[in-house]
Each structure stands twice: as C-alpha cells, then as structure tokens.
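First comes the structure, then the notes that go with it.
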There are 2 protein chains.
Amino acid sequence: MATFRLSRRLRSQRALDTMSDAQFAVLATLKGHGPHTLGELAERERVTAPSMNRTVNCLEEAGWITRTPDETDRRKVNIEITTQGRELVAETVRRRDMWLAQVVADLTPSQRRTLARAAAIMSEVAAR
Amino acid sequence: MATFRLSRRLRSQRALDTMSDAQFAVLATLKGHGPHTLGELAERERVTAPSMNRTVNCLEEAGWITRTPDETDRRKVNIEITTQGRELVAETVRRRDMWLAQVVADLTPSQRRTLARAAAIMSEVAAR
DNA sequence: TATTGTTATACTCTATAACTATA
DNA sequence: TATAGTTATAGAGTATAACAATA
C-alpha cells in the first residue's frame, strides 16, 4: 500500500498535465536509453505493438519524438526523442526532485538512509 | 524509479486480469472502509463524478457492487460491495501476499527490517 | 514464410458540459 | 438556488485481428 500511495503521489508531479503516464514513460525511456524501434518500446513497456503505435503517434504529432525508417532493415522504424522532448522530461524530473527534496529535508538522516537502502531492494525485487 | 517499478510489478498480480486498476481501487476502498456515495468515491480517487459513475456502472453490471438510494437524502446513492466483490478483493490480496512472501523469503532479516521501516516513511511522505 | 509496423475495431478510463431529481 | 447523480460527447490507452511492406 505504501508503494501504491507514493507512486501515485510522485506521478502527480509532472511538467505537463496533458501528458499521460504512458507517453511520459516512453519519453523517459528514449531520453535515458537512446533511440528504440516500435517493437522494442512495446516490449519494454509490456504493451502490444498497436497500443504503442498509438502512443507514439500522439508523441510524434506533439513534436516530442521523430520516426525515421531504419537504413539496414527497412521494416523497422527508429524512434528518437527531440530536443523539446528532452527538455520536457528534464522539467518533469526537476519538479519531482524539487518535491522530493522538500519532503526529504524534513526526514532524519537515519530515515534517509533507510529510504536509500529500500530503493535498492525494491528495484531488485521488482525485477523478478 | 524504484517506487514506480515495484508498483507496476505488484499491480500485475491480481485475481482477475479483466479487472482494471480503477475498478479494483474502488472495490478495495469499499471492502476496507464500508459503503460510500458516488461523490465520496470520486473525491477519494481524485476523479470526476462522471468518470467514477462509469467505473461504478461496470462494477455493478459485473455484480461486484450494489447501488441503493439513500433513505434520508434521496439525491444520494449508497454504493456497497457484494459478497462476491469481497471475495475477489481477498483473492487478489492473497495473490499479492503470496508473491511478496516468496520475494521476502529470499531477503535477509536486515533487508526486511529496512523495507518495513521504509514503508512507514513512504506512507507518511505520500500523505503530504 | 516470418517479422515489423500499421490500420480497423472495440472496450475502459478520463474529462467537460448539460441534464434530472432532490434539498 | 444548490447539490448529487447521471447522460452525452470526446480523447487516450488498452487489446485482438487483419493487413502491407520487407527480410
């Protein structure tokens, strides 16, 4: 329950209210891990290809990403984040960091250490 | 990021694949905190009344909840979880607990203490 | 023939605006 | 007149099935 609550609270801190979680997740992946094909994005987000295609369409229309046909395998399409897309992700991260910084400032050093250790364990657990 | 990852992983453990998160959240609220009016549910889930109305419609058609006009204020509708609804929530909680139990079994006692402490801090933080 | 991306279709969640019934 | 719930309508995410282009 604590995980669900905190997740929801963090998610509410974003740069653009109009952008959905699904869209932002794709944008964050592209910014953090470079260009991906549609299939790679779909697999990474555990979503079907048509679903990811729709999300990517929205991002493309808004100018946050670009589609480029792959040179070597013409079936593939390389999806890349634009400069504006990068800035949007950065701004959202800044907001979340600001919110977290305020919250963490009120915690004791011991509580901070606990959260840091827990984060590592939680990531490990979620990967199973 | 750890919070988002774990949240997603936990959410994937449910009794009915066909039930959405929004529907399950309402059901869990009704089971844990008793009957609510439509407006109360909407406010609690931070969603508009029409949106909640639609979710409640689906739950009612499926037999997980019942609608009953309020006796004292006829504008209001009391929404209550059914016996089957209770069982569905219980089953989902069982599944999540089973998954968590398996995961936690592989952790050290120190790691478990860290997660327990972190959960309390995270809940507190999310409430701000 | 298999793979990659796309389109067609359908259902749920979300919202705002407008409407009904009740207070 | 204000409030609680509902319906109308529209946009986005999700899915499966079917299709086009390419390997």
Side-chain angles (χ1 to χ4, degrees), chain A residues 4 7-8 11-12 14 16-30 35-80 85 88, chain B residues 4 7-8 11-12 14-30 35-80 85 88 92:
Chain A
F4 288 151
S7 178
R8 182 165 208 161
R11 224 183 293 274
S12 72
R14 53 179 85 150
L16 254 190
D17 279 345
T18 57
M19 172 162 292
S20 70
D21 291 338
Q23 289 180 25
F24 182 75
V26 169
L27 229 47
T29 292
L30 293 176
H36 286 62
T37 65
L38 186 82
E40 286 167 352
L41 285 177
E43 188 182 1
R44 191 162 188 132
E45 300 297 326
R46 302 195 192 200
V47 143
T48 59
S51 178
M52 181 54 70
N53 190 54
R54 195 158 201 167
T55 299
V56 165
N57 284 343
C58 292
L59 289 170
E60 188 181 25
E61 281 173 27
W64 308 123
I65 60 110
T66 57
R67 269 189 174 98
T68 315
D70 190 282
E71 289 299 326
T72 62
D73 185 341
R74 308 276 299 194
R75 293 174 306 181
K76 295 186 177 176
V77 176
N78 292 118
I79 296 159
E80 197 164 359
L88 181 71
Chain B
F4 288 152
S7 177
R8 180 165 209 162
R11 223 183 294 274
S12 71
R14 51 180 88 150
L16 256 189
D17 279 345
T18 57
M19 172 161 293
S20 70
D21 290 338
Q23 290 179 24
F24 183 76
V26 170
L27 229 47
T29 292
L30 293 176
H36 287 62
T37 65
L38 187 82
E40 287 167 351
L41 284 177
E43 187 181 2
R44 190 162 187 131
E45 299 296 327
R46 304 197 191 197
V47 144
T48 60
S51 179
M52 182 52 71
N53 191 54
R54 192 156 205 171
T55 298
V56 166
N57 282 344
C58 291
L59 289 171
E60 189 182 25
E61 281 174 27
W64 307 123
I65 60 112
T66 57
R67 270 188 174 98
T68 316
D70 190 282
E71 290 299 327
T72 63
D73 186 341
R74 308 275 299 192
R75 293 173 304 179
K76 295 185 178 179
V77 176
N78 292 120
I79 296 158
E80 196 165 359
L88 182 69
T92 295

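So you know, we letter chains A, B, ... as the sequences are listed, proteins then strands, and number each from 1. When reading the values below, keep in mind they use all heavy atoms of this one structure, side chains included, and skip hydrogens, waters and symmetry mates.
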Length of the NE2-P vector between His36(B) and dA4(D), whole Å: 15 Å
Heavy atoms under 4.0 Å, any strand shown: does Thr48(B) hit a base, just sugar-phosphate, or nothing? base
Nearest-Å distance for atom pair CE/P, residues Met52(B) and dA4(D): 15 Å
Does any N or O in the side chain of Glu40(A) come within less than 3.5 Å of the main-chain N or O of Thr37(A), such that one atom is a donor and the other an acceptor? yes
Rounded to whole Å, CD of Glu45(A) lies from P of dA15(D) at a distance of 11 Å
With a 4.5 Å limit on heavy-atom distance, are the side chains of Thr66(B) and Ile79(B) in contact? no
Would you mind reading off the distance between Lys76(B) atom NZ and dA2(D) atom C1', rounded to a whole angstrom? 13 Å
In terms of the nearest nucleotide of DNA chain D, which residue is placed more toward the 5' end: Ser51(A) or Ile79(B)? Ile79(B)
Across the strands shown, which category fits Asp73(A) at heavy-atom distances under 4.0 angstrom: base, sugar-phosphate, nothing? sugar-phosphate
Would a 4.5 Å heavy-atom cut-off, applied to side chains only, mark Asp21(B) and Arg11(B) as touching? yes
Taken to the nearest whole Å, CZ/Arg11(A) to P/dG13(D) is 14 Å
Please check if the side chain of Ser51(B) supplies one atom and the backbone of Val47(B) the other of a donor-acceptor pair under 3.5 Å. no
Length of the line joining Asn57(B):CG and dA4(D):P, which is rounded to integer Å: 19 Å
Test item: Val56(A) and Arg67(A) side chains (from C-beta on) under 4.5 Å apart, heavy atoms: yes
So Cys58(B) and Glu61(B), do their side chains get closer than 4.5 Å, heavy atoms only? no
Glu60(B) CD to dT7(D) P: how many Å, rounded? 10 Å
Met19(A) backbone acceptor or donor facing Arg14(A) side chain under 3.5 Å: yes
What is the distance from CZ of Arg54(B) to P of dA10(D), rounded to the nearest Å? 13 Å
Contact boundaries of DNA chain C with chain B (under 4.0 Å, heavy atoms), 5' to 3'? dT12(C) to dA23(C)
Applying a 4.0 Å non-hydrogen cut-off, can you work out what Arg74(B) is touching in the nucleic acid: base, sugar-phosphate, or nothing? sugar-phosphate
When all nucleic acid strands are considered with a 4.0 Å heavy-atom cut-off, which category describes Thr55(A): base, sugar-phosphate, or nothing? sugar-phosphate
